[in-house]
*Asks:* 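My questions all concern the structure below.
What's counted below: heavy atoms across the whole structure, side chains too, no hydrogens, waters or symmetry copies. To find a chain, count down the sequence lines: A is the first, B the second, and so on, and within it residues start at 1.
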There are 2 protein chains.
Amino acid sequence: MTKQKNSRRRGNDLLDSLYNATIKLTDTVKLTNLTFQQIAEEANTSRAVLYRRWTTPFELLQEIYNYKAKELFDGSFFDKLKDNGSLRSDFLQLLTLFQNTYKKIGAEIINNYYFLRTQDSDNSQETEMHKNAVEKYLRTMERILQNAETRGEKIKKVHHVTLMLPFDLIRTENLIRPENINKNRLATMVEEVLLPVFTE
Amino acid sequence: MTKQKNSRRRGNDLLDSLYNATIKLTDTVKLTNLTFQQIAEEANTSRAVLYRRWTTPFELLQEIYNYKAKELFDGSFFDKLKDNGSLRSDFLQLLTLFQNTYKKIGAEIINNYYFLRTQDSDNSQETEMHKNAVEKYLRTMERILQNAETRGEKIKKVHHVTLMLPFDLIRTENLIRPENINKNRLATMVEEVLLPVFTE
DNA sequence: TTAAATAAGATACATTTTGTATCTTTATGC
DNA sequence: GCATAAAGATACAAAATGTATCTTATTTAA
């Protein structure tokens with residue numbers, strides 16, 4: 001979809017290129033050591049292009065991670081959720097889908113997103129995105145639990161925050177013990193944590 | 001304990017001053033925008049002092065957060081843990097002590113610690129510290145559960161990773177929903193998560 | 001199809017930060 | 001009190017910043 005007849009990139013083409021150059025640099029350069037100079041060189045453009053859009057590399061990073069994290073927060077992966085006939089299977093599928101999205105976006109990117117979030121409390125745009133995501137997560141959990149109840153499984157009433165547990169678990173695992181994540185670990189989360197918490 | 005008769009600071013006195021100047025700057029300057037110049041000025045010393053110790057602000061930050069996080073990882077707050085006569089009370093005390101340590105050190109500092117950790121996988125010193133901490137956490141949980149079992153409470157056998165749940169919960173809460181933390185929230189964690197997970 | 005508008009890219013310049021090196025001064029330990 | 005180690009001051013070339021101006025390519029709309 002990229003126009004190759006033009007040598008001078010514009011708009012979103014250029015923006016993508018800047019994003020990618022920055023992400024690529026984070027493989028070798030620590031986040032705290034990034035400079036506009038390097039980014040401009042990596043993206044084959046001039047520094048002016050960067051200064052017209054952002055005042056510091058921090059702002060650029062913030063924009064990138066907000067953008068990249070969108071897929072995690074739009075909750076579109078929930079569309080693949082099926083009623084598997086048991087809460088156990090539904091939970092496992094939920095964790096698997098969520099973890100796959102983490103993997104697809106890249107755990108480092110999401111970790112960085114959450115880090116920048118703590119650095120900047122007045123980011124209303126991201127806050128809105130995050131708030132909507134939490135709403136979607138809650139509604140998804142409510143639906144899963146409702147289905148289970150309809151099937152006759154005994155479901156406990158819990159506070160709303162507790163409904164965030166599956167997502168909290170995946171986030172923690174990717175931040176603290178990323179090397180630990182596999183099918184067995186997800187199954188253990190369901191068996192030893194989620195089922196005891198949400199069922200009698 | 002600070003010597004005031006000397007105008008020229010040395011060793012740990014100077015180091016403390018550099019650490020404090022850096023931390024102070026992080027109130028106004030984003031982590032990714034810190035410079036040695038600023039830090040030297042803030043600490044009333046010369047840049048040479050900084051370059052003799054670290055090559056980039058990132059390294060300095062890493063050292064600071066490793067140092068500050070020590071108190072969280074040495075597990076000394078566990079000494080205050082008593083046998084309260086019920087698992088419910090023991091869990092609540094554990095969460096309270098852990099959260100108080102978070103508060104004392106500063107949640108931002110610990111969040112930053114974990115972030116830098118993801119940026120640098122080859123930090124053997126911190127890895128050792130972290131590994132020892134996990135060991136201590138596991139042993140503490142085992143002790144608490146053992147006490148409960150001795151009292152006659154029905155305790156489930158779970159994987160080691162699951163024993164990290166109390167600490168994972170507090171970490172998540174401080175990273176994602178810091179405004180949400182109070183006595184009620186901790187009680188809900190015990191009631192709706194920890195007790196169902198660890199007892200029959 | 002051409003002209004006007006818009007944004008990219010090149011360049012320049014003063015300022016700040018970096019990284020290194022050298023020298024002087026102060027504090028500490030023997 | 002003297003030797004040693006480390007702090008602090010200073011200097012300098014190189015890199016990065018922040019801003020401004022000018023040229024050139026691409027888009028839009030007349």
*Asks:* Mind listing the residues from residues 19-45 of chain A sitting with a heavy atom below 4.0 Å of DNA chain C? Number order is fine.
*Replies:*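 Those residues are A/T45.
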
*Asks:* Kindly write out the residues that satisfy salt bridge (Lys or Arg N to Asp or Glu O under 4.0 Å) with A/E149, not counting sequence neighbours, or none if the list is empty.
*Replies:*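 Testing A/E149 for salt bridge (Lys or Arg N to Asp or Glu O under 4.0 Å), a comparison that skips the adjacent residues, returns none.
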
*Asks:* Taking five pairs at each end, how big is the angle between the two axes of the helix from C/dT1-D/dA30 to C/dC30-D/dG1, to 10°?
*Replies:*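 Inter-axis angle at the ends, rounded: 30°.
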
*Asks:* Just wondering, are more than 12 heavy atoms of other shown residues or ligands nearer than 6.0 Å to CZ in B/R185?
*Replies:* yes

*Asks:* What residue pairs, at least two apart or across chains, pass ring pair (Phe, Tyr, Trp, His ring centres under 6.0 Å) with a residue in residues 11-38 of chain B?
*Replies:* B/Y19-B/Y67, B/F36-B/Y51

*Asks:* If the condition is salt bridge (Lys or Arg N to Asp or Glu O under 4.0 Å), which residues does A/E153 pass it with, not counting sequence neighbours?
*Replies:*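 Scan of A/E153 (salt bridge (Lys or Arg N to Asp or Glu O under 4.0 Å), adjacent residues dropped) gives A/R151.
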
*Asks:* In whole angstrom, give the distance that lies between atom CZ of A/R47 and atom P of C/dT11.
*Replies:* 13 Å

*Asks:* Whole angstrom is fine here: how far is it from CZ in B/R9 over to P in D/dA9?
*Replies:* 10 Å

*Asks:* Using ring-ring contact (aromatic ring centres under 6.0 Å, His included) as the criterion, list what pairs up with B/Y114, not counting sequence neighbours.
*Replies:* B/H130

*Asks:* What is the separation between atom CG on A/D13 and atom C1' on C/dA7, rounded to the nearest whole Å?
*Replies:*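 For the pair A/D13 CG and C/dA7 C1', the rounded distance is 14 Å.
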
*Asks:* For B/R8 and D/dA7, what is the distance between atoms CZ and C1' respectively, to the nearest whole Å?
*Replies:*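 These atoms are roughly 4 Å apart.
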
*Asks:* How about A/Y65 and A/Y113: are their ring centroids closer than 6.0 Å?
*Replies:* no

*Asks:* Mind checking ring-ring contact (aromatic ring centres under 6.0 Å, His included) for B/F198 and listing every partner two or more places apart, or none if nothing turns up?
*Replies:* B/F91

*Asks:* Is any side-chain N or O of A/R10 under 3.5 Å from a base N or O of C/dT6, one able to act as donor and the other as acceptor?
*Replies:*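 Yes.
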
*Asks:* List for me each residue that meets side chain to side chain donor-acceptor pair (under 3.5 Å) alongside B/N20, sequence neighbours excluded, and say none if there are none.
*Replies:*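 Per chain and number, B/N20 pairs via side chain to side chain donor-acceptor pair (under 3.5 Å) with no residue.
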
*Asks:* Sequence neighbours left out, what passes salt bridge (Lys or Arg N to Asp or Glu O under 4.0 Å) with A/E192? Give chain and number order.
*Replies:* none

*Asks:* My understanding is that only residues two or more places apart in sequence, or in another chain, count here; which of them pass ring-ring contact (aromatic ring centres under 6.0 Å, His included) with B/Y137?
*Replies:* B/F78, B/F98, B/F167

*Asks:* List for me each residue that meets salt bridge (Lys or Arg N to Asp or Glu O under 4.0 Å) alongside B/D168, sequence neighbours excluded, and say none if there are none.
*Replies:*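 Listed in chain order: A/R177, B/R171.
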
*Asks:* Below 4.0 angstrom, which residues in residues 49-63 of chain A have at least one non-hydrogen atom near DNA chain C?
*Replies:* A/V49, A/R52, A/R53

